[in-house]
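What follows is a single structure, written as structure tokens, with notes after it.
Quick note: residue numbers are just sequence positions, from 1.
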Amino acid sequence: MFMTTFLREFQSWYWNCDFDDTELQAALDATDAATTPDEFQRAFLVLLRSEDTVARGTALDFFDRAATTSRFGEANPFAPYREEVLAVAREMLRHPPRPGDDIAFEGADHASALLGLKNDAGPEDAEAVLAVLRRRPDGELLFNALWAAQTALGNSETPDPRLVSLIGEMAFDRSLDIADRRQALSALRDATGAAATELLVRATGEDDYRFQQEAAWALSIGERFYAHRTLLERLDASWPDDERGFAASEVHEALGPGPHSTYWRGVAPESPGLLRAHGEMRAPTSKRAHRQGFRTMLYSGLVPMVGIALDHFCDGDGLARFDLDVKAFEPNALALARHLLALSPSSANASPETGAGASHASALDVLALLAEPEDAALLAAALRRRDTAPLVRERALRAAQDCLDRWDEPDDRVVSALEELIFDSSADMEARTLAVIALFDVPGSQVTAVLLRAAHSSVLPVQIEGALGLTCAHLIDQHRDLVRGLVASWPGGDDEPDRAWLVRAALRD
């Protein structure tokens with residue numbers, strides 16, 4: 001387990017100390033021996049809730065270490081105390097920086113506090129970050145302040161103009177190290193507004209290639225791309241191969257074509273007009289052209305072209321690739337998805353790489369995003385089709401799961417269709433288990449009854465998913481003994497069934 005190992009080996013990022021206070025020292029020592037989230041949490045909270053600046057800074061460092069380690073897939077044990085962490089970090093930043101000594105460098109308390117804020121800073125934190133940056137710090141304190149500044153600016157509808165201006169001054173301050181200047185420029189990457197954009201465009205005229213590339217990367221993100229495509233193409237063509245960094249690769253990718261489609265790869269528009277429209281969808285030359293290309297495909301009346309348009313609507317790298325507002329298209333996308341599902345599924349010849357049913361797959365992805373309870377009958381019908389291609393059935397199951405999660409009340413018709421599939425011995429096992437999973441965290445007596453029936457199934461994969469569904473927060477207290485009995489009946493060791501460990505883990509939580 002990465003989390004336990006990394007936290008036990010950790011002391012802090014910035015603090016070198018032994019506490020005189022026996023409770024604080026015991027808490028710090030406990031982090032060397034803790035083996036469970038509860039043990040880490042107890043030690044963490046003693047440090048975080050202390051009045052001692054060093055203890056609180058250490059706790060914030062532990063929070064950052066755990067948050068960083070969570071990228072390996074394990075939960076941050078301190079995540080439940082996120083709001084408290086933010087409150088402590090903000091309170092520490094309201095005080096003058098701690099003087100340097102043999103315990104830590106000057107401003108280490110602010111460095112730890114900024115770590116606590118770096119992923120959650122908002123407009124309310126701009127003033128505190130400004131105060132740190134105005135002192136023109138260096139090293140870790142500068143790095144953390146710029147990271148928090150980038151987050152605060154990105155989370156602000158109207159970025160603080162003082163923060164944008166100060167970061168701009170730092171980016172163009174030639175007395176600073178070029179690496180620090182690049183870091184300052186990167187803090188503007190997610191900032192909206194004309195002032196930040198003007199600074200980024202100005203930065204593309206600097207001599208340093210990596211500085212240019214950092215600015216160009218920011219200009220290639222979101223709706224800025226449309227207005228600056230010509231500039232980005234010129235810059236991309238000017239950078240020598242041996243001077244191209246990660247930012248340059250991001251710019252080059254933005255300029256390249258986006259996805260062809262999800263389910264219609266290899267299908268080419270036949271008319272010149274549709275070919276141009278598809279090209280604009282993949283590599284738009286302007287915001288207007290991007291919208292128009294999508295409309296042309298969506299309203300073409302040709303099932304493959306409509307399917308491609310719906311794929312672009314659903315794909316995060318499709319229609320919304322450059323943050324185009326797609327909300328206005330939602331009603332018509334949903335109407336056309338409903339229409340496709342009312343038709344017979346497309347033939348295998350229509351989309352040879354995907355096979356039969358590509359039209360229904362495209363439509364079901366739209367339902368997953370937009371379907372209303374009034375679409376329950378349509379969705380239930382898709383789930384009940386037994387002659388459907390495996391891909392289409394899988395998309396129907398995913399759509400059902402998303403809709404049940406989104407709707408205020410589960411629809412009985414969808415739940416019944418899932419139940420029929422779960423206990424259909426002629427269906428493939430993956431579809432049956434996915435049908436159980438679609439009911440996880442869904443409230444209602446009908447759903448609970450299906451999960452109980454699945455947990456009593458003689459088919460072990462179905463039984464395991466039923467048991468896992470009963471460990472959801474609103475069911476576990478009532479069904480803990482049943483689930484424990486089931487777990488005890490399963491093989492262990494090398495013979496443990498797939499996903500049985502998830503049920504065991506849920507019982508331990």
Side-chain angles (χ1 to χ4, degrees), residues 1-19 23-50 52 54-90 92 104 108-109 111-121 140 143-144 147-148 151 437 440-441 464-465 467-469 471-473 476 480 483-484 487 490 492-494 496-509:
M1 295 175 66
F2 289 111
M3 188 64 71
T4 298
T5 300
F6 286 176
L7 291 181
R8 288 178 65 174
E9 293 176 350
F10 187 68
Q11 286 295 304
S12 79
W13 295 122
Y14 309 125
W15 306 95
N16 176 29
C17 67
D18 291 314
F19 295 106
E23 183 184 21
L24 294 179
Q25 187 60 46
L28 185 62
D29 291 342
T31 63
D32 290 337
T35 59
T36 67
D38 284 346
E39 290 174 349
F40 279 119
Q41 287 172 3
R42 284 194 293 271
F44 169 77
L45 290 175
V46 169
L47 297 170
L48 184 70
R49 293 170 178 173
S50 166
D52 186 283
V54 177
R56 300 173 98 186
T58 301
L60 294 174
D61 288 0
F62 265 96
F63 183 86
D64 180 70
R65 177 62 162 172
T68 302
T69 305
S70 67
R71 71 181 185 272
F72 295 110
E74 292 185 63
N76 176 355
F78 312 132
Y81 307 101
R82 171 179 163 273
E83 292 302 323
E84 195 169 346
V85 164
L86 295 176
V88 168
R90 286 167 176 149
M92 288 176 70
D109 53 337
S112 293
L114 290 163
L115 283 180
L117 287 177
K118 71 180 187 181
N119 294 318
D120 294 285
E140 292 288 325
F143 181 83
N144 294 353
W147 190 331
T151 306
I437 292 170
F440 286 6
D441 286 312
I464 289 170
E465 298 304 339
L468 188 56
T471 67
C472 295
I476 182 61
R480 190 182 301 274
V483 175
R484 279 180 177 152
V487 168
W490 298 337
D494 293 339
E496 181 177 72
D498 288 344
R499 290 172 60 85
W501 70 273
L502 289 171
V503 186
R504 299 182 197 276
L507 288 174
R508 290 195 296 269
D509 289 345

Expected output: side-chain Arg90 to main-chain Ala87 donor-acceptor under 3.5 Å: no

Donor-acceptor side-chain pairing of Thr35 and Glu39 below 3.5 angstrom: yes

Check: Ile464 and Trp490 side chains under 4.5 Å, non-hydrogen atoms: yes

Over 12 foreign heavy atoms within 6.0 Å of CG, Asp18: no

Test item: Val487 and Trp501 side chains (from C-beta on) under 4.5 Å apart, heavy atoms: no

Residue pair Phe440 / Glu465, side-chain heavy-atom distance below 4.5 Å: yes

Exercise: identify the closest heavy-atom pair between Phe10 and Asp32: O-OD1, 4.5 Å

ring-ring contact (aromatic ring centres under 6.0 Å, His included) against Tyr14, all qualifying residues, sequence neighbours excluded: Phe105

Pairwise distance OG1(Thr58) to CZ(Arg56) - rounded to 0.5 angstrom: 12.0 Å

Sub-4.5 Å side-chain heavy-atom contact between Leu48 and Leu60: yes

For Leu7 against Pro77, the heavy-atom pair lying closest together: CD1-CG, 3.9 Å

Near-ring test Phe62/Phe44, centroid separation under 6.0 angstrom: no

Pairwise salt bridge (Lys or Arg N to Asp or Glu O under 4.0 Å) hits with a residue in residues 57-66, at least two apart: Asp64-Lys118

Gln25 side-chain N/O to Phe19 backbone N/O, donor-acceptor pair under 3.5 Å: yes

Nearest atoms (heavy-atom pairs only) where Ile476 meets Leu507: CD1-CD2, 4.1 Å

Whether Thr31 side chain and Leu28 backbone form a donor-acceptor pair below 3.5 Å: yes

Interatomic spacing from CG in Leu47 to OG in Ser12 - rounded to 0.5 Å: 10.5 Å

Heavy-atom pair of closest approach, residues Met92 and Ala113: CB-CB, 4.1 Å

Expected output: side-chain Thr471 to main-chain Leu468 donor-acceptor under 3.5 Å: yes

Partners meeting side-chain contact (heavy atoms from CB on, under 4.5 Å) with Arg49 (sequence neighbours left out): Leu45, Tyr81, Glu84

Neighbour count >12 (heavy atoms, 6.0 Å) for atom CD, Glu23: no

Contact summary for Ala148 and Ala121, nearest pair of heavy atoms: O-CB, 3.6 Å

Side-chain heavy atoms of Leu117 within contact of Trp147, under 4.5 Å: no

Side-chain heavy atoms of Thr151 within contact of Asp120, under 4.5 Å: no

Phe63 CZ to Leu115 CG distance, which is reported to the nearest 0.5 Å: 10.5 Å

Exercise: identify the closest heavy-atom pair between Thr4 and Phe40: O-CZ, 4.0 Å

